[in-house]
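What follows is a set of notes on a single structure, which appears directly below.
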There are 2 protein chains.
Amino acid sequence: MARGKSPTFELQRGAILQEAARLFADKGFHNASMAELAKACGVSKPLLYHYYRDKEHILFDIADSYMDQLLAIVAGVEAQDLDAEPQLAGLVMRFMEEYEHSQSQHVVLVQDVKFLQAAQEEYVVGKQRKVVAAFADAIERVEPGLKARNLAKPVAMILFGMINWTFTWLRADGHFTYADMAPVVTAILLNGVRGLLKDGGGLPGATSQQELAASR
Amino acid sequence: MARGKSPTFELQRGAILQEAARLFADKGFHNASMAELAKACGVSKPLLYHYYRDKEHILFDIADSYMDQLLAIVAGVEAQDLDAEPQLAGLVMRFMEEYEHSQSQHVVLVQDVKFLQAAQEEYVVGKQRKVVAAFADAIERVEPGLKARNLAKPVAMILFGMINWTFTWLRADGHFTYADMAPVVTAILLNGVRGLLKDGGGLPGATSQQELAASR
DNA sequence: CCTACCGATCGGTAGG
DNA sequence: CCTACCGATCGGTAGG
């Protein structure tokens with residue numbers, strides 16, 4: 001008869017996951033060793049293999065469980081049935097709040113997911129696509145004219161650029177905080193998107209582009 | 001008397017550099033082997049060590065020479081003595097044009113520079129800081145009010161987020177091109193920054209932030 | 001005594 | 001849950 005797992009199994013696993021996220025984010029997946037991870041967790045290297053089959057499964061669990069967190073945030077904001085602009089602002093605010101406390105997970109997601117096997121990578125990327133679709137929908141509600149030009153998704157990716165890039169320059173202990181920057185990002189996005197469809201707003205084919213080409 | 005180096009030395013070195021950028025960007029610095037690089041270059045592994053002392057010097061040369069290219073673009077736009085908005089738009093346009101043709105170099109810069117020795121990393125980061133300062137100055141010229149709030153540099157980093165993140169979603173063969181997206185980014189930035197200092201623009205302390213906190 | 005370049009193998013360490 | 005190891009592959013260099 002199977003004895004079942006120790007009641008502390010999930011706790012230990014979670015501790016390993018958190019330490020691994022920190023280590024992989026800091027040193028990179030291939031430059032971080034299982035021996036280092038074992039030492040950081042205060043356990044032997046073979047014991048790590050009691051909780052995870054191999055190094056790649058740890059990477060997958062970091063990325064997959066983090067995507068579940070982000071999807072839960074999306075669902076939570078959508079359940080509030082907000083108007084278009086507060087909903088988009090809420091998504092940005094909630095994501096940046098989450099990012100502040102998940103820096104390691106996010107860095108791993110961005111820099112190491114490509115090292116997963118194709119099937120596992122695709123599984124994580126599928127969840128990422130759901131998040132992008134939710135943001136694109138929210139953007140489309142704010143500026144419905146973007147839909148006709150298929151610009152909702154590109155604008156969503158531009159927004160993700162603004163907030164995801166914060167990992168390279170925003171420090172939790174720095175002069176500016178995530179709470180400071182979330183409204184700035186929201187303002188740039190909302191003001192920026194509102195002006196996007198006007199004449200001279202800079203859309204492909206508008207005059208500003210040709211002026212730049214001429215000044216080359 | 002020193003005979004000097006072969007006339008093809010610099011050509012060979014440049015070819016290795018380009019191939020290494022492609023390989024490191026694709027597989028990551030630590031997951032790419034010198035044997036693979038040698039094979040991709042069509043030379044023996046020992047011959048690589050004739051052109052570069054070790055693997056890390058290749059990484060440094062990729063990042064450092066790429067930063068020189070970006071600094072040259074900044075200098076070129078500044079030499080045009082444009083008005084504030086055309087100058088900022090020009091910087092964005094030129095950088096995205098460059099990015100389109102330097103995807104590998106840019107990915108290496110973003111994901112692998114942290115693996116350099118501290119002194120070499122700091123050298124590259126110093127050049128990055130010059131680029132950021134140039135963009136922050138251009139942003140400040142467009143919206144001088146940002147200076148008092150020390151927001152020029154954060155807004156510059158938000159802009160770099162928009163354009164640097166394109167590496168994760170813009171494909172040279174995709175539906176949208178860099179040439180399509182540069183004006184969109186410029187429009188979002190210019191419209192966004194213009195509205196940033198107005199009441200209700202979403203700056204730290206503005207009502208929108210408190211509303212979101214209340215709706216939590 | 002230089003450079004250019006090879007096949008073979010070095011000392012160490014990776015994941016398991 | 002440990003010590004002790006493995007097959008393989010790493011970055012870098014030996015002799016010629």
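The model shown is predicted, which means the values in this text are computed figures rather than measured ones. By convention in this document, chain letters (A, B, ...) are assigned in the order of the sequence lines, proteins followed by strands, and residues within each chain are numbered from 1.
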Counting only pairs under 3.5 Å, give me each side-chain donor-acceptor contact of residues 102-109 of chain B, with atom names and distances, residues two or more places apart or in other chains.
from   : atom 1 : to     : atom 2 : distance (Å)
B:S102 : OG     : B:E98  : O      : 3.2
B:S102 : OG     : B:E98  : OE2    : 2.6
B:Q105 : NE2    : B:Q18  : OE1    : 3.1
B:H106 : ND1    : B:Y66  : OH     : 2.9
B:H106 : NE2    : B:N164 : OD1    : 3.2

Enter the distance from A:F29:CZ to B:N31:CG here, rounded to the nearest 0.5 Å. 9.0 Å
Could you tell me whether the side chain of B:M181 reaches within less than 4.5 Å of the side chain of B:W169, counting heavy atoms only? yes
Taking the same atom, P, in C:dG16 and in D:dA4, what whole-Å distance lies between them? 22 Å
When the ring planes of A:Y99 and A:F167 are compared, do they come out parallel, tilted or perpendicular, using 30° and 60° as the limits? tilted
Show me, range against range, the stems involving DNA chain C, built from at least 3 consecutive Watson-Crick or G-U pairs below 3.5 Å. none
Please give the distance between the P atoms of C:dA8 and D:dG12 as a whole number of Å. 22 Å
Mind listing the residues from residues 59-66 of chain B sitting with a heavy atom below 4.0 Å of DNA chain D? Number order is fine. none
Considering only distance and modelled atom types, tabulate donor-acceptor pairs under 3.5 Å from the side chains of residues 42-52 of chain B, sequence neighbours left out.
from  : atom 1 : to    : atom 2 : distance (Å)
B:S44 : OG     : B:L47 : N      : 3.3
B:Y52 : OH     : B:D61 : OD2    : 2.5

Within the structure, does a side-chain N or O atom of B:S44 lie under 4.0 Å from either OP1 or OP2 of C:dC5? no
Sequence neighbours excluded, the answer for ring-ring contact (aromatic ring centres under 6.0 Å, His included) partners of B:Y178 is none
Give every residue pair that meets the salt bridge (charged side-chain N to carboxylate O under 4.0 Å, His left out) criterion with at least one member in residues 28-40 of chain B, sequence neighbours excluded. B:K27-B:E36
Taking side chain to side chain contact (heavy atoms under 4.5 Å, CB included) as the test, write out the residues that go with A:K127, two or more places apart. A:D64, A:M67, A:D68, A:L71, A:Y123
Got a sec, which pairs hit salt bridge (charged side-chain N to carboxylate O under 4.0 Å, His left out) with one end in residues 114-125 of chain B, sequence neighbours left out? B:E122-B:R129
Could you pull out all residues at least two apart from B:K153 that satisfy side chain to side chain contact (heavy atoms under 4.5 Å, CB included)? B:V132
Over how many whole Å does the gap from B:F9 atom CZ to C:dC2 atom P extend? 17 Å
If you only use heavy atoms from C-beta on, which nucleotide in D:dT13, C:dG16, C:dC6 is closest to the side chain of A:Y49? C:dG16
Go through D:dT3, D:dG12, C:dG16 for me and flag the one nearest to the A:P46 side chain. D:dT3
Considering all heavy atoms of both residues, which atom of A:N191 and which atom of B:G192 are nearest to each other, and what is their separation? CB-CA, 3.7 Å
Between C:dG11 and D:dT9, how far apart are the two C1' atoms, rounded to whole Å? 13 Å
Nucleotide C:dG15, atom P - distance to NZ of A:K55 in whole Å: 4 Å
What closest approach, in Å, do A:M96 and A:A182 show between heavy atoms, and which atom pair accounts for it? SD-CA, 3.5 Å
Which whole-number value in Å describes the distance from B:R13 CZ to C:dA4 C1'? 16 Å
Residue among B:V124, B:D112, B:D54 satisfying side-chain contact (heavy atoms from CB on, under 4.5 Å) with B:L59: B:D112
Which residues in residues 17-38 of chain B have a heavy atom closer than 4.0 Å to any atom of DNA chain D? B:A32, B:S33, B:M34
Under the rule for ring-ring contact (aromatic ring centres under 6.0 Å, His included), what residues qualify as partners of B:F115, not counting sequence neighbours? B:H30
d(CG, B:L47; C1', D:dT13) in whole Å: 14 Å
Check nucleotides 9-11 of chain C against the protein and report each pair of N or O atoms closer than 3.5 Å, with its distance, or say if there are none.
none

Interatomic distance, B:H50 NE2 vs C:dC5 P [rounded to whole Å]: 7 Å
Could you tell me how far apart A:K39 (NZ) and D:dC1 (P) are, to the nearest whole angstrom? 20 Å
